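Here is how names work: the chains are called A, B, and so on, in the same order as the sequence lines, proteins then strands, and each is numbered from 1. The structure displayed is predicted, hence computed values, not measured ones.
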Number of protein chains: 4
Amino acid sequence: MTTQQRRPSSSRRSEASRQAILTAAFELVGEVGYAKLSIEGIAARAGVGKQTIYRWWPSKGAVLFDAFLALSAGPDEQQGLPDTGDLEADLKLVLRSTVVELNDPRYDEPMRALTTEILHDPALAASYTERLDAPMKELKKQRLRSAQQAGQLRTDLDLDLAVDLLWGPLLNRWLLRSGPLTEQYADTLVETTLAGLRPQRRDVEA
Amino acid sequence: MTTQQRRPSSSRRSEASRQAILTAAFELVGEVGYAKLSIEGIAARAGVGKQTIYRWWPSKGAVLFDAFLALSAGPDEQQGLPDTGDLEADLKLVLRSTVVELNDPRYDEPMRALTTEILHDPALAASYTERLDAPMKELKKQRLRSAQQAGQLRTDLDLDLAVDLLWGPLLNRWLLRSGPLTEQYADTLVETTLAGLRPQRRDVEA
Amino acid sequence: MTTQQRRPSSSRRSEASRQAILTAAFELVGEVGYAKLSIEGIAARAGVGKQTIYRWWPSKGAVLFDAFLALSAGPDEQQGLPDTGDLEADLKLVLRSTVVELNDPRYDEPMRALTTEILHDPALAASYTERLDAPMKELKKQRLRSAQQAGQLRTDLDLDLAVDLLWGPLLNRWLLRSGPLTEQYADTLVETTLAGLRPQRRDVEA
Amino acid sequence: MTTQQRRPSSSRRSEASRQAILTAAFELVGEVGYAKLSIEGIAARAGVGKQTIYRWWPSKGAVLFDAFLALSAGPDEQQGLPDTGDLEADLKLVLRSTVVELNDPRYDEPMRALTTEILHDPALAASYTERLDAPMKELKKQRLRSAQQAGQLRTDLDLDLAVDLLWGPLLNRWLLRSGPLTEQYADTLVETTLAGLRPQRRDVEA
DNA sequence: TATTAAGCGAGACGGTACGTCGGGTCTTAGG
DNA sequence: CCTAAGACCCGACGTACCGTCTCGCTTAATA
């Protein structure tokens with residue numbers, strides 16, 4: 001079913017303008033960078049009056065956020081993570097592709113821009129967490145839950161935390177450029193982290 | 001010996017102005033927030049001409065960075081992490097205090113501001129990694145190395161990665177506000193992560 | 001009839017701002033002098049954004065010029081010179097009042113300022129000649145033409161030149177302060193100059 | 001006698017710097033125009049510290065003025081006006097050459113610049129009148145006096161005024177560009193003005 | 001079917017800050 | 001003590017955008 005026709009908001013709202021704005025925002029931020037992204041520029045590129053932006057979005061970050069929403073709501077982003085039964089291999093696959101995406105200049109700048117807005121706007125951060133991050137996280141947790149049920153992860157493991165442990169270091173390295181963001185890094189990260197998440201007979205200590 | 005021969009750069013440079021600028025920058029960003037932090041404002045607060053800032057710093061981020069440098073070079077930030085022999089307890093202590101600091105509004109805004117600048121300026125990111133992050137990371141690695149030598153960590157463990165695993169999720173949660181940043185979270189994070197870093201007899205999976 | 005269809009330029013232009021700017025410019029130049037007259041100051045005094053000035057005027061001089069235009073277009077500056085039939089007396093009257101005006105500090109500074117801008121901007125000079133000077137000159141020439149028709153001036157006299165001869169020395173003395181600018185000077189000037197402009201029976205030299 | 005070695009002022013003063021500054025000022029004003037003439041630029045062009053200018057001159061105009069002084073004190077500017085016995089011809093010759101000079105772009109900008117400074121600085125105006133204008137005027141008056149003694153000018157004529165009548169309109173037309181400044185204009189000016197200065201038997205009136 | 005009222009593109013407006021230029025003062029080092 | 005050099009505080013430059021505010025025009029929903 002999924003009727004889903006969101007965002008009437010007002011029946012008079014121009015869908016063409018909305019699309020033009022989101023597209024212009026995403027393209028512009030990739031071309032000129034976050035620092036030089038301006039509402040004025042977005043309006044000009046979209047062929048739209050500034051007021052049309054101010055009427056429907058509270059901030060530049062909100063526009064950017066919606067631009068991302070439109071993107072990820074796009075084709076078919078919603079399928080789950082691969083599940084071959086081999087958790088480590090599956091995770092490596094996913095994290096490697098995350099690395100590739102983060103290194104792709106087409107996404108790097110826009111994502112940094114969105115991140116910046118989120119950094120300084122708790123409301124936007126909440127939106128992000130709820131609308132973009134949570135769905136993704138749910139997919140990740142599903143894969144981990146599957147592994148947990150297969151006895152490949154500790155039964156008392158907090159899956160939210162597990163997701164943090166796997167993706168947090170990756171995102172952090174990307175954001176701060178604290179080191180090269182390679183597929184090799186993704187692999188090692190998965191291996192080392194998983195080691196602590198698996199059921200264990202006993203440690204050396206205790 | 002070599003005490004004190006600081007920042008000559010130019011023999012004519014006014015140390016008083018430099019200090020005033022860095023102080024003003026740090027205070028202002030805490031008061032008005034990143035979005036409203038302006039070079040004009042810093043100059044006014046510092047009682048300094050704008051040109052004096054433009055003369056010595058290439059960007060607003062660079063000023064902010066130096067302000068942090070001056071702070072951490074300050075009193076005695078350089079002692080190592082606690083080492084009681086109990087790695088888990090020591091790490092919990094440190095991460096908990098990190099949590100407290102990140103939650104402190106006096107540091108939250110300034111650090112977000114600096115992070116934002118780093119996000120969009122690779123040169124600044126490199127400076128950050130080298131001048132601020134690396135020394136801190138070295139202290140953390142020292143503590144882990146000590147544990148490793150005590151047989152509390154796997155001998156083949158990459159300590160750089162280990163630091164990432166411990167601090168990455170924390171910073172990520174702070175930056176993106178993807179969840180409450182509590183001492184409880186720090187504890188769980190340490191426990192779970194350490195589980196994978198310790199020497200292990202064997203897994204369930206062979 | 002054609003009353004009043006003034007300055008459309010753009011239907012969106014704010015007439016209130018325009019007036020405020022011209023008034024502020026004229027007042028300010030009188031108060032602070034030409035050297036310290038700034039667009040910034042005019043905008044501030046007028047309660048207007050700087051851009052509103054830059055949008056409609058190409059230079060500080062153009063603003064000043066318009067301020068003068070607005071003034072002279074004001075009340076009823078347009079009536080002709082007095083014509084009692086006694087040319088010498090009428091001219092003395094007019095030149096004396098010119099002297100008084102040039103000595104009036106309320107007009108001295110503004111007129112020096114405008115003159116300075118005209119000095120260095122040929123386009124502005126052309127505007128001045130056409131819009132301010134020409135109308136005034138026409139009135140002066142009318143009075144001389146009347147005298148000419150009454151047989152009080154040589155019939156072959158170039159009236160443009162005659163106006164130059166009468167007002168040129170006065171303005172020059174005012175501008176360069178090459179000597180005291182008194183009503184006595186105006187009188188002598190008129191007397192001496194007129195002597196050469198009248199029809200003459202014969203000279204000493206044949 | 002006229003020993004004349006002016007301007008010691010201080011025995012330590014560098015004559016080389018002084019010359020370099022005056023030369024730089026005159027050249028620069030011709031190249032970049034009055035509006036963009038800066039003390040900074042003069043100092044740079046002269047290879048001199050700004051302070052050296054501020055130490056010895058009270059204003060930009062004073063530098064410019066001295067630059068002109070140096071020029072006119074130069075070769076042999078001081079000989080009198082031609083005196084062939086034919087006053088009208090002699091005056092036409094002189095005014096025509098004035099016209100040529102005022103139209104020469106090498107002198108036009110610098111003289112406009114100096115005039116501007118004089119316009120707004122009474123002290124400078126006094127200097128100008130005394131040091132540059134008065135000597136020139138004396139030469140002009142000498143020629144007129146000669147004519148007066150030859151019976152070519154009225155005996156009661158104020159020679160100062162006569163000079164004003166002849167040169168005032170010319171300068172005024174040059175400064176304000178109120179019309180083309182041609183040799184033809186100079187001729188007509190001389191002819192018409194002289195007509196009023198000559199001894200007269202009687203007018204039509206009275 | 002006409003009337004209205006909202007949304008729209010456009011862009012002027014009062015502002016703030018930008019990054020630069022030059023003003024005039026002061027300090028340093030060298031002759 | 002004068003000089004070249006140049007840092008300093010300050011104020012203004014002319015530009016870019018901010019977010020708000022009309023302007024007419026188009027267009028969809030109501031009357």
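- Going from atom CZ of Arg13(A) over to atom P of dT26(F) covers 22 Å, rounded to whole Å.
- In this structure, Thr52(C) reaches the dG14(E) phosphate: one of its side-chain N or O atoms is under 4.0 Å from OP1 or OP2.
- In this structure, CZ of Arg45(C) is placed 18 Å from C1' of dA12(F), rounded to the nearest angstrom.
- Considering only side-chain atoms of Trp56(D), the nucleotide from dG22(E), dT3(F), dC18(E) that sits closest is dT3(F).
- The listed nucleotides are dC13(E), dT3(F), dG9(E); the one nearest the side chain of Ser17(D) is dT3(F).
- Protein atom CD of Gln19(A) is 13 Å distant from nucleotide atom P of dC8(E), rounded to whole Å.
- Taking the nucleotide of DNA chain E with the nearest heavy atom to each of Gly49(C) and Lys36(B), the more 5' of the two is matched to Gly49(C).
- Between Trp57(A) atom CH2 and dG19(F) atom P the separation is 15 Å, expressed in whole Å.
- Distance from the side chain of Gln51(C) is smallest for dT15(F) among the nucleotides dG22(E), dA10(E), dT15(F).
- Note on Arg112(B) versus Glu109(B): no salt bridge recorded, every NZ/NE/NH1/NH2 to OD/OE distance being 4.0 Å or above.
- For Tyr54(B), counting side-chain heavy atoms from C-beta on, the closest listed nucleotide (dT20(E), dC9(F), dG23(E)) is dT20(E).
- Place Gly47(B) and Lys60(C) on DNA chain F by their nearest nucleotides, and Gly47(B) ends up nearer the 5' end.
- Atom P of nucleotide dA5(F) and atom CD1 of Ile39(D) are separated by 17 Å, given to the nearest angstrom.
- A distance of 6.0 Å separates OH in Tyr107(A) from CG in Leu71(A), rounded to the nearest 0.5 Å.
- Note: Tyr34(B) and His120(A) have parallel aromatic rings, judged against thresholds of 30 and 60 degrees for the angle between ring planes.
- Between Ile53(B) atom CD1 and dC9(F) atom C1' there is a gap of 12 Å when expressed in whole angstrom units.
- Taken from NZ in Lys60(D) to CG in Leu37(D), the straight-line distance is 5.0 Å, to the nearest 0.5 Å.
- Using a 4.0 Å cut-off, no side-chain N or O of Arg55(D) falls inside it from OP1 or OP2 of dC2(F).
- Between Leu37(C) and Val48(B), the residue whose closest nucleotide on DNA chain F is further toward the 5' end is Val48(B).
- Here the nucleotide nearest the side chain of Lys50(B), chosen from dA4(F), dG19(E), dA7(F), is dG19(E).
- Remark: Ile53(A) CD1 to Ile39(A) CD1 distance equals 5.5 Å, nearest 0.5 Å.
- If you check every strand for non-hydrogen atoms under 4.0 Å, Gly41(D) touches nothing.
- Comparing atom distances between the Ser14(C) side chain and each of dG19(F), dC13(E), dA7(F) picks out dC13(E) as nearest.
- Glu15(C) places its CD atom 18 Å from the P atom of dT22(F), with the value rounded to the nearest Å.
- We find that CD1 of Ile42(A) is positioned 11 Å from P of dG19(F), with the value rounded to whole Å.
- For CZ of Arg55(A), the number of neighbouring non-hydrogen atoms (other residues, nucleotides, ligands) closer than 6.0 Å is greater than 12.
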Polar atom pairs (N or O), protein with nucleotides 2-4 of chain E, under 3.5 Å:
none

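- Remark: Arg18(D) fails to qualify as a cation-pi partner of Trp56(D) under the 6.0 Å distance and 45° angle criteria applied to the six-membered ring.
- Under the 30°/60° scheme for interplanar angles, the aromatic rings of Phe65(C) and Tyr128(C) are found to stand perpendicular.
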